Amino acid sequence: MAPKTITIAPVSRIEGHAKVTIQLGDDGNVKDTWMNVVELRGFEKFCEGRPAEEMPRIVTSICGVCPWHHHLASAKACDAVFGANIPSAGKKLRQLCQEIAYTSDEILHFFFLAGADFVMGPGADYAVRNVIGIVQSNPEVGKKVVRCRHLGTQMLNIVSGKSIHPVTAVPGGFSKPLTIKERDEVIKMAEEVLQFAKWAISWAKTEIFPKYLDAVKTVGIIKTGFMGTVKDDGSMDLYEGKIRLMKPDGTYEDFDDDKYTDYIEEKVLPWSYLKVPYAKSWGEGFSMDLDSPKGIYRTNTLARINVCDKMSTPCAQKELEEFRKNFGRPAQLTLLYNWARLINLVYSAEHMMELLNDPEITSKEIRVPVKPRAARGVGHVEAPRGTLIHDYTTDADGMITRANLIVGTTHNNAPMNMSVKQAAKTLIKDGNYTEQILNTVEMAIRAYDPCLSCATHNLDGTLPVKITILGPDGEVKDVLTN
Ligand code: MG
Ligand code: NI
């Protein structure tokens with residue numbers, strides 16, 4: 001007799017806490033699935049009443065993996081609240097930190113989290129299907145990975161004094177100039193990371209991806225739109241530009257970040273602390289139905305690669321052209337997120353070098369003074385996990401009266417749920433499943449590299465809490481909801 005419910009708990013090698021519930025019908029085939037996010041952070045509410053200038057320092061505590069991106073989106077929202085036009089060198093220092101953080105993050109995800117499924121194989125025993133397994137079977141690769149993560153931390157320590165929970169992006173600019181001596185020290189490390197990035201993508205393209213093309217073509221397949229950030233010339237940017245919202249057919253609209261509420265709306269699901277945004281401007285409503293999804297778009301690496309017209313750095317541009325020739329635009333295959341992640345890594349490493357070679361990076365003109373006022377300000381960056389929007393309103397003393405965050409992972413909530421459902425429906429038949437099949441379902445989630453602690457801030461009265469009270473024989477006595 002087949003079990004009626006399969007639970008994957010916890011989902012492993014992601015940031016944060018989630019479980020997957022798979023419900024089987026009487027025929028043993030998949031009836032429904034849910035990816036439940038079972039943690040809550042709640043920053044939107046308790047930031048109310050704080051002085052706006054504290055926000056860039058407070059929000060770094062949202063997540064130990066993504067502090068830089070919250071730090072920068074917050075500083076940009078504060079610039080907007082205070083009406084500050086920041087000096088060019090201040091912006092470049094912020095961008096430099098962002099690109100360093102990106103290189104570390106993309107290496108972390110590819111090699112420590114998702115990569116084990118590809119390097120060791122989805123069917124490898126879970127005891128070795130992890131970074132330790134990678135290090136043991138490929139010691140040279142392991143050494144390079146650990147070395148580059150170490151260099152990322154060191155570079156951030158030098159440029160900003162602190163790699164985690166940074167404090168140097170301030171409303172009005174950046175608080176610490178980079179000396180020529182420091183720049184010279186950092187540039188050597190950056191060169192090593194750039195060489196690693198180029199090696200990583202060519203290694204993955206020859207040794208890894210060709211082995212798993214079958215999985216790429218079958219696991220987590222859904223058809224959606226995409227969101228990312230582009231400059232006026234259509235090139236991908238991680239720090240600034242217009243937000244581009246692309247439909248599944250490849251047509252798109254570009255908009256300024258402070259207009260985001262005209263384009264997307266957030267819904268609450270009764271079974272998750274994670275909201276679901278959808279593309280309101282398409283006018284078709286919201287549905288996660290696999291056959292006729294409505295309003296669904298994705299963010300993160302594959303989305304950025306799809307929405308941009310080009311890359312502004314030479315090696316990343318070459319990689320983009322090759323990727324597009326193979327998979328089209330927009331590319332829809334979910335596991336291609338991992339390939340796109342390595343293109344993003346190459347771009348960030350190249351851009352990091354460009355910034356370090358720019359003489360302006362050691363300028364001391366990096367900050368302008370700001371004054372509190374009553375205003376609303378929106379700031380956004382591309383975080384590794386997707387478009388990250390901070391939206392603050394202040395009173396005349398510059399105190400926060402309202403804060404809304406839309407986090408990269410949040411945009412991907414509906415797509416992750418759909419990919420899980422697709423994977424489970426395809427792989428589990430007649431009640432039969434194996435450890436490898438359940439791991440393959442998890443691979444569909446891992447492709448999105450979710451960061452769940454970053455993404456759960458819903459405390460606005462529609463909190464999806466449900467308490468079920470059971471009697472001694474397991475019968476439902478009462479259900480309490482708020
Ligand atoms: Mg929000
Ligand atoms: Ni995070």
Side-chain angles (χ1 to χ4, degrees), residues 10-18 35 37-44 46-47 55-77 94 97-114 149 152-153 156 160 162-167 169 227-229 238-239 266 272-277 298-304 337-338 341 344-345 348 379-391 403-413 415-416 445-459:
V11 175
S12 60
R13 280 183 282 125
I14 61 166
E15 200 292 318
H17 304 286
M35 189 187 89
V37 174
V38 293
E39 62 177 44
L40 175 69
R41 306 284 285 160
F43 272 65
E44 283 175 351
F46 66 69
C47 286
M55 290 298 281
R57 301 195 299 273
I58 293 174
V59 296
T60 58
S61 301
I62 290 174
C63 177
V65 181
C66 327
W68 270 101
H69 314 289
H70 283 291
H71 188 51
L72 295 175
S74 178
K76 287 183 73 182
R94 287 184 184 178
C97 291
Q98 193 190 21
E99 299 298 11
I100 298 171
Y102 249 94
T103 57
S104 264
D105 199 281
E106 307 297 37
I107 292 171
L108 166 77
H109 185 266
F110 189 82
F111 289 96
F112 285 61
L113 303 179
R149 292 272 305 160
T153 307
L156 286 171
S160 85
K162 230 175 164 193
S163 60
I164 297 178
H165 302 153
V167 295
M227 177 185 277
T229 299
L238 305 175
Y239 179 80
E266 292 182 282
S272 178
Y273 287 122
L274 198 55
K275 289 188 195 176
V276 275
R298 294 186 265 183
T299 57
N300 195 320
T301 52
L302 183 64
R304 286 191 283 270
Y337 266 94
N338 296 309
R341 196 158 282 122
N344 201 145
L345 169 63
S348 287
H380 96 278
V381 296
E382 283 295 317
R385 289 154 195 86
T387 310
L388 169 63
I389 302 168
H390 281 223
D391 176 359
N404 186 32
L405 316 177
I406 299 191
V407 179
T409 296
T410 325
H411 301 283
N412 277 342
N413 190 9
M416 281 190 286
I445 298 178
R446 276 184 213 120
Y448 294 96
D449 183 19
C451 186
L452 301 172
S453 45
C454 261
T456 56
H457 303 287
N458 173 25
L459 272 173

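Keep in mind that what you see is a predicted model, and the values were worked out from it rather than measured. We count ligands from 1, going down the list as the structure has it; atoms in each ligand are counted the same way.
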Practice task
Measure from the Ni ion (ligand 2) to each N, O or S atom of H69 and report whether any distance is below 2.8 Å.
Solution key: no
Problem - Side-chain donor/acceptor of H70 to backbone N/O of A383, under 3.5 Å - result: no
Exercise for the section: Any chance you could lay out the side chain to side chain donor-acceptor pair (under 3.5 Å) test for N344 and R341, step after step, and finish with the verdict? Expected result: CA-CA 5 Å; N344 201 145; R341 196 158 282 122; over 6 Å; no
Handout entry: Angular separation of C66 SG and C451 SG about the Ni ion (ligand 2), given to 10°
Key = 120°
Handout entry: Between H380 and T229: side-chain donor-acceptor atoms closer than 3.5 Å
Key = yes
Handout entry: Under 3.5 Å: donor-acceptor pair, side chain of Y239, backbone of E382
Key = no
Exercise for the section: Kindly confirm whether the Ni ion (ligand 2) is within less than 2.8 Å of some N/O/S atom in C63? Expected result: yes
